[in-house]
Amino acid sequence: MDETMSSTESSTVGKISRAKSIPYSFVGTKKIAEVRTEFDGLEQDHRTGVNVRIAGRAMLVRRQGKLCFFEVVDETARIQVMASQAETVDFDGFASIAVGDWVGVDGEVITSRRGELSVMAQGWVLLAENRRGFGDKWHGISDPDVRYRRRYADLWVNERARRSLAIRFKTVAEIRRQLAERDFVEVETPMLHPVASGAMAKPFVTHHNALDMDLYLRIAPELYLKRLVVGGFERVYEIGRSFRNEGISPRHNPEFTMLELYQAYVDVEEMMRLTEELISSVAQVVVGSTTITYQGETIDLSPPWRRLTMEEAVSESLGSDISFYMPREELAKLVTEHGGKVDSSWGNGKLLLELFENVAESGLIQPTFVYDHPMEISPLARDHRSRPGFVERFEAFVAGRELVNAFSELNDPDEQKRRFADQLEQRTAGDDEAMPMDSDYVRALEYGLPPTGGLGIGIDRLVMLLADEAQIREVVAFPAMRAEQNFE
RNA sequence: GCGCCUCUAGCUCAAUGGCAGAGCAACGGACUCUUAAUCCGCAGGUUCUGGGUUCGAGUCCCAGGGGGCGCACCA
């Protein structure tokens, strides 16, 4: 035991003023997982003569008179810590450690008579009290409201909560690593926007006092990232929060994380390849396989992914061929027949999308690229090179949900201006989610955007998939909640 | 925003309209090999809130609040 181990101090620690003698540092010699691997396979009732120092949280306590058993958990693993009146300094003090307290322990690595790898505490020190407790030791905390509000407790009590968030953090780190490998530069763009454009959604509004102007929390970073491409950054990406002032649901949090990526000189084809490679290799690293189970379905993420046009997807689901070019009345009839809405202002493009969402989307379980979207619903994508009325765009669907949206970026400033004007028309026609005009973005295009492929991946949804979680709140550390009533 | 479900001790849950309970946690005590749940003892409540029906409401009705699910909106 060296001088930083304050077991003699701790020996004076009583229950009343426990917190007062808490040290300012306590550096263990090993993480618990290291102890476990290093001393794996010992026979029962064995003493190694080797001392280790570990730190963690006492998550279970079993008192047995002059002997006491704890399960101490750190970031890496859990291990049994034993204390005995014969060997442990201030045994009574140690025995009063409660479930949830943080402790530092110095002791010999042994196995118990039952054979469990343990640390026989000699010195120990309280590192923090848990005054609140962790609730029922068998059932833990099951009230979702309490779980999300007190995530710091949830993470100790519900193994799955920890696992799902760990998958999230690892996924983001791995995406960054792989994009760096492909020479993409991670950039940052504004979150406070004078114009809420780049997507179709209702923004949050805020106000800047010194400038005396309203600003919008960004609904998408898209237009700024493309400005950077105009500025000469040829491969950029941003993983960051966007904000949409819409309903909260099992699949929607008001702030959510997207990866948006832009690569100069390539088209939507290249974005497809990048998508399937990136997602499958991230899955391989994060969950150890490209085959995953999501809500009971086995999903194979390995490339190549299935590809079909939006019309093909609809035709397949309907069992009869449909076409974007068929008369509007026929398309509208199909939409209503299949439970969709029809608005008199909608053209064939919106009708096709509505039909797709109603009949095809939820059936796309295995990874599927749906491509060739109508221009009407794609104001930022470049005109299709051969099909009038269409753009070069795809969305990737997995488990019946949109996961990726990508296109060959529209780089003709005149056409972009015209598309914004169309949106404006839809806005005045009552669609308050139509995209507003961003004149500076059009000006940027006038300086010249090279042919560029762009890609957006919903990180929360990707993580839901990898973690097999049905609810977005399970993969967001601190999901949006109403202000807490009756705080205690 | 609409519909359905739900709210009882710190936690997990009981209680045909008839005395609000159990297990765990806490607290006091016993126990030197335990593995969520050893034994003994003790304590713990505005049954989410406010109205109403009833001799009597945790239970039925109405309104409100929190939460969940579905729909709508969206990613």
Side-chain angles (χ1 to χ4, degrees), chain A residues 15 44-45 59-71 78-88 91 95-96 98-100 110-118 120 130-150 153-154 157-158 198-203 219-220 222 241-260 339-341 353 357 361 377 395-398 401-405 431-433 456-465 470-473 476 479 481-488:
Chain A
K15 258 185 246 165
Q44 61 190 45
D45 206 9
M59 291 307 290
L60 275 177
V61 180
R62 293 182 282 273
R63 297 190 185 86
Q64 203 66 30
K66 298 184 179 63
L67 197 60
C68 199
F69 301 86
F70 301 87
E71 286 185 25
R78 67 172 55 211
I79 197 166
Q80 176 164 280
V81 167
M82 295 172 65
S84 80
Q85 191 154 60
E87 295 186 56
T88 307
F91 173 78
S96 74
V99 169
I110 68 165
T111 54
S112 69
R113 278 180 210 162
R114 289 288 194 85
E116 172 134 1
L117 185 66
S118 309
M120 175 55 87
N130 178 355
R131 298 189 196 178
R132 295 273 189 164
F134 278 141
D136 190 287
K137 75 172 144 189
W138 185 241
H139 298 95
I141 304 170
S142 62
D143 183 339
D145 186 48
V146 176
R147 286 190 49 227
Y148 301 135
R149 286 197 144 97
R150 307 189 191 182
D154 180 41
V157 172
N158 294 307
M200 309 201 192
K202 286 176 217 131
I219 56 174
E222 170 147 3
R241 222 64 65 78
S242 289
F243 307 85
R244 299 190 184 175
N245 205 344
E246 282 155 1
I248 294 177
S249 85
R251 276 163 289 283
H252 301 269
N253 197 53
E255 49 182 307
F256 64 101
T257 301
M258 289 224 306
L259 161 68
E260 281 206 14
K341 286 186 312 189
L353 176 68
E357 286 175 348
E361 180 168 0
I377 57 166
E395 292 173 288
F397 293 86
V398 183
R401 275 185 222 148
E402 182 190 346
L403 190 63
V404 183
N405 185 19
D431 183 354
D432 56 356
E433 285 179 359
I457 300 181
I459 296 298
D460 309 270
R461 288 186 173 179
L462 175 60
V463 175
M464 285 167 74
L465 199 64
Q471 301 219 15
I472 194 169
R473 294 212 272 199
V476 174
M481 309 278 297
R482 216 176 287 267
E484 193 165 357
Q485 305 287 315
N486 308 317
F487 186 88
E488 51 182 336

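Residue numbering restarts at 1 for every chain, and letters A, B, ... go by the order of the sequence lines.
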Nucleotide-resolved protein contact map, nucleotides 30-36 of chain B, B/S/- at heavy-atom distance under 4.0 Å: -BBBBBB
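In terms of position along RNA chain B, the nucleotide closest to A/I141 lies nearer the 5' end than the nucleotide closest to the other residue of the pair A/G133 and A/I141. The 5' end of RNA chain B is approached more closely, in terms of each residue's nearest nucleotide, by A/P250 than by the other of A/K202 and A/P250.
Under 3.5 Å, the side chain of A/D136 and the base of B/G23 form at least one donor-acceptor pair of N or O atoms.
Separating the P atom of B/G58 from that of B/C19 is a span of 10 Å, rounded to the nearest Å. Rounded to the nearest Å, the gap between the P atom of B/U34 and that of B/U12 is 30 Å. Separation of the C1' atoms belonging to B/C27 and B/G44 is 10 Å when rounded to the nearest angstrom. Going from the C1' atom of B/C39 to that of B/U53 covers 49 Å, rounded to whole Å. Rounded to a whole angstrom, the distance from the P atom of B/U16 to that of B/U6 is 15 Å. Rounded to whole Å, the separation between the P atoms of B/C48 and B/U59 comes to 8 Å. Spacing between B/U8 and B/G50 at atom P, rounded to whole Å, works out to 16 Å. For B/A14 and B/U38, the P atoms lie 23 Å apart once the distance is rounded to whole Å.
Scanning RNA chain B for stems, defined as runs of 3 or more consecutive Watson-Crick or G-U wobble pairs whose donor-acceptor distances all fall under 3.5 Å, gives the following ranges: B:1-7 with B:65-71, B:10-13 with B:21-24, B:27-30 with B:38-41, B:48-52 with B:60-64.
Rounded to an integer number of Å, the gap from CG of A/D143 to P of B/C48 is 13 Å. Across the protein-nucleic acid pair, A/M481 atom CE and B/G65 atom P stand 17 Å apart, rounded to whole Å. Nucleotide B/C24 holds its P atom 19 Å from the CE atom of A/M59, rounded to whole Å.
Contact check, A/R244 against B/A75: a side-chain N or O comes under 4.0 Å of OP1 or OP2.
Remark: A/S249 engages A/R251, A/H252 in a side-chain contact (heavy atoms from CB on, under 4.5 Å) (not counting sequence neighbours).
To the nearest 0.5 angstrom, A/I219 atom CD1 is 8.0 Å from A/S242 atom OG.
Taking both residues in full, the closest heavy atoms of A/T111 and A/D45 are given as OG1-N, 3.0 Å, listed atom of the first, atom of the second, then distance.
As judged by a 4.0 angstrom heavy-atom cut-off over every strand, A/N253 is placed among the base-contacting residues.
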